[in-house]
Amino acid sequence: MWQTIKGMSDVCDPARPRDLLHWYDRHARVLPWRLSPADRAAGVVPDPYRIWLSEVMLQQTTVAAVKEYFLAFTARWPTVTALAAAPDAEVMAAWAGLGYYARARNLLKCARAVASDHGGVFPDTLEGLRALPGIGPYTAAAVAAIAFDRPEVVVDGNVERVMARLHDEHMPLPQAKPVLTAHAAALTPQTRPGDYAQAVMDLGATVCTPRNPLCGLCPWRGPCAAWAAGTQLELPKKTPKKRKPTRLGIAYLARRVDGAWLLEQRPDSGLLGGMLGWPGSDWSETPPEEAPPIRAEWKTVSEEARHTFTHFHLRLVVRTALVPMDRAPARGMFVEPDTFDPEALPTVMRKAFALVGR
DNA sequence: AAAGCGTGGGG
DNA sequence: TCCCCAAGCTT
């Protein structure tokens, strides 16, 4: 009888932030941008620059992918002022491979705004942060909570999943977003809001995972309505996605006899905006036009470069040629061999280069 | 306001 | 091979 009553109260009681914080105190992930428990105990305060940088890098990007970029950026540009002073090309090159390159352009805009309009100090309010380039609702709330310990409502994909399960919400995303945000708001505590924000996201990342959630280890299993109903594996519901079409293109890799490569900087907006790349055709579902950037004996590489972007697959035909010193290109500029670094290219362009060899 | 915008890992 | 997913923002 006691067991039954306890079981029922588990289902009906609301989730308690303090139970999650207790779990977090034992199971928080160790991350390069996160203060260690020892530092926190010693009264060390988070650095808003590092929190902001990590949050921007983590937008739609896995922790594993972000780690090395975060360490490289903070080693090279230890402060927002240092980053603000960096040349665009250096920052874009350092971001190469991480994806969503508009983030890097907005990162610089934001750093320069903080440096010039805010004396190099990040605003400490939701509104102040939200006004900066590349900082949307999530990032503003996350920085306010984590860097300044403000009780803002932090809602990312993890929080959406945790809330959908906690409340057995079957309305599909993104339609359900306002409802899930309201649930998140109702739970956000006034004490330790920064730790709480990180705790919900850690819970989503390590326990309340999309597949194979570890409900046996969950501090909120008791109040979880999906657990009670057995629906946790179906949640959150999502509206089905369209499948990606395949586009075709040609990339021209011209090597000058001194070893320089013909590259061009892509326009600031659109796909791979602001990044270096090989001159080439447009990418479309119909076969590309022939339009080499320089007159030469072009040879087609036997293998295509295949790559998948957010909304299409690409099959890229790679053509290469050796050109003499005195021939001027119609597009792009030759980059000297000692200046050229394939690591500064976005991944699809690295793949094309890899097919040509060295 | 729906669509554009990267990449790598895992099932 | 394919699809799903990951600390979303901008237009």
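Naming convention: chains lettered A, B, ... in sequence-line order (proteins, then strands); numbering from 1 in each chain.
- Straight-line distance from the CD1 atom of A:Ile146 to the P atom of C:dA7: 12 Å, rounded to whole Å.
- Spacing between atom CZ of A:Arg306 and atom C1' of C:dC2 amounts to 13 Å, rounded to whole angstrom units.
- Rounded to an integer number of Å, the gap from CG of A:Leu203 to C1' of C:dA7 is 14 Å.
- Phosphate contact (OP1/OP2 of C:dG8, side-chain N/O of A:Gln60, threshold under 4.0 Å): present.
- Remark: the separation of the P atoms in B:dG4 and C:dA7 is 24 Å, to the nearest Å.
- A:His313 has its NE2 atom 8 Å from the C1' atom of C:dC2, to the nearest Å.
- Rounded to whole angstrom, the span from the CG atom of A:Leu58 across to the P atom of C:dA7 amounts to 9 Å.
- Mapping A:Arg211 and A:Phe312 onto DNA chain B by nearest heavy atom places A:Phe312 closer to the 5' end of the strand.
- If you measure from atom OH of A:Tyr101 to atom C1' of C:dG8, you get 17 Å, rounded to the nearest angstrom.
- Ring centers of A:Phe309 and A:His311: at least 6.0 Å apart, outside the cut-off.
- Partner of A:Arg315 under the salt bridge (charged side-chain N to carboxylate O under 4.0 Å, His left out) criterion, chosen from A:Glu304, A:Glu285, A:Glu303: A:Glu304.
- Among the protein residues, A:Gly97 comes within range of the sugar-phosphate backbone only, with heavy atoms under 4.0 Å from sugar or phosphate atoms but none that close to a base.
- Between A:Trp33 atom CH2 and C:dA7 atom P the separation is 11 Å, expressed in whole Å.
- The 5' end of DNA chain B is approached more closely, in terms of each residue's nearest nucleotide, by A:Lys242 than by the other of A:Tyr100 and A:Lys242.
- When hydrophobic clusters are built by joining Ile, Leu, Val, Met, Phe, Trp and Tyr residues whose side-chain heavy atoms come closer than 4.5 Å, directly or via intermediates, A:Tyr100 is not grouped with A:Ile135.
- Between C:dA6 and A:Arg161, a contact under 4.0 Å exists linking OP1 or OP2 to a side-chain N or O.
- A distance of 14.0 Å separates CH2 in A:Trp227 from CG in A:Leu235, rounded to the nearest 0.5 Å.
- Within 4.0 Å of A:Asn106, counting heavy atoms only, lie sugar-phosphate atoms of the nucleic acid but no base atom.
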Problem - Derivation and outcome, salt bridge (charged side-chain N to carboxylate O under 4.0 Å, His left out), residues A:Glu55 and A:Arg103 - result: CA-CA 11 Å; A:Glu55 289 300 342; A:Arg103 292 185 296 172; over 6 Å; no
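- Taking only side-chain atoms of A:Glu55, from C-beta outward, the nucleotide of C:dA7, C:dC9, C:dC5 with the closest atom is C:dA7.
- Across all strands shown, A:Leu272 has heavy atoms under 4.0 Å from sugar-phosphate atoms exclusively, and none from any base.
- For the C1' atom pair drawn from B:dC5 and C:dC5, the interatomic distance equals 16 Å after rounding to whole Å.
- Going from atom CZ of A:Arg327 over to atom CD1 of A:Ile294 covers 6.5 Å, rounded to the nearest 0.5 Å.
- If you walk DNA chain B from 5' to 3' and mark each nucleotide with an atom closer than 4.0 Å to a heavy atom of chain A, the marks span B:dA3 to B:dG8.
- As judged by a 4.0 angstrom heavy-atom cut-off over every strand, A:Leu314 is placed among residues making no nucleic acid contact.
- Among the atoms of the strands shown, base atoms are found under 4.0 Å from some heavy atom of A:Thr308.
- Nearest-nucleotide assignment on DNA chain C puts the 5′-proximal partner with A:Thr62, out of A:Ile135 and A:Thr62.
- Taking atom C1' in both B:dG6 and C:dC4, the straight-line distance is 15 Å, to the nearest Å.
- In this structure, A:Ile250 is not a member of the same hydrophobic cluster as A:Val301, with clusters built from ILVMFWY side-chain heavy atoms closer than 4.5 Å.
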Checking A:Asp195 against A:Arg192 for the salt bridge (charged side-chain N to carboxylate O under 4.0 Å, His left out) test, could you report, in this order, the C-alpha distance in whole Å, the side-chain angles of both residues, the deciding distance, and whether it holds? CA-CA 5 Å; A:Asp195 284 343; A:Arg192 300 180 62 190; 2.9 Å; yes
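- No hydrogens or angles were tested; on distance alone, a donor-acceptor pair under 3.5 Å links the side chain of A:Arg29 to the base of C:dA7.
- The nearest whole Å value for the distance from the CD atom in A:Glu160 to the P atom in C:dA6 is 9 Å.
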